K.L.:
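Below you'll find the structure I mean.
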Amino acid sequence: MNFQETISKAQEAMTARRVYGEPYERDGVTVIPAAVVRGGGGAGSGEDATKGGSGGGGGFGLTGRPVGAYVIEGGKVRWDPVV
């Protein structure tokens, strides 16, 4: 995988769908789960023409954790944080 492919995959991974889960509804109450998502990446390259060497590298990390949910009930919205 080349550097551009890595960046493209990272961009695909960092979407609002990672932050907000699919809403679900039961008994007139809608719940939209939310999370904090963080990511980072890096790449490198190198070449030593005098020794015939070359280099490369890259990586990406993604982490997420739930933070709460928006609850819609009776026409009102409230935020319920994760304890």
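Predicted, not measured: the structure shown is a model, and the values here were computed from it.
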K.L.:
In a table with atom names and distances, give each donor-acceptor pair under 3.5 Å that connects a side chain of residues 62-83 to protein atoms at least two apart or in another chain.
P.N.:
from, atom 1, to, atom 2, distance (Å)
Glu73, OE1, Arg78, NH1, 3.3
Arg78, NE, Asp80, OD1, 3.2
Arg78, NE, Asp80, OD2, 3.3
Arg78, NH2, Asp80, OD2, 3.3

K.L.:
Which residues satisfy the side chain to side chain donor-acceptor pair (under 3.5 Å) test with Thr50, sequence neighbours excluded?
P.N.:
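For Thr50, the residues satisfying side chain to side chain donor-acceptor pair (under 3.5 Å) (neighbours in sequence not counted) are Asp48.
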K.L.:
Tell me the side-chain hydrogen bond (donor to acceptor under 3.5 Å, both in side chains) pairs involving residues 22-42, sequence neighbours left out?
P.N.:
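Passing the test, one end in residues 22-42: no pairs.
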K.L.:
Check the hydrophobic clustering (I, L, V, M, F, W, Y; side-chain heavy atoms under 4.5 Å; chains of links allowed) and say if Val37 and Tyr20 are grouped together.
P.N.:
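Looking at the clustering, Tyr20 is in the same group as Val37.
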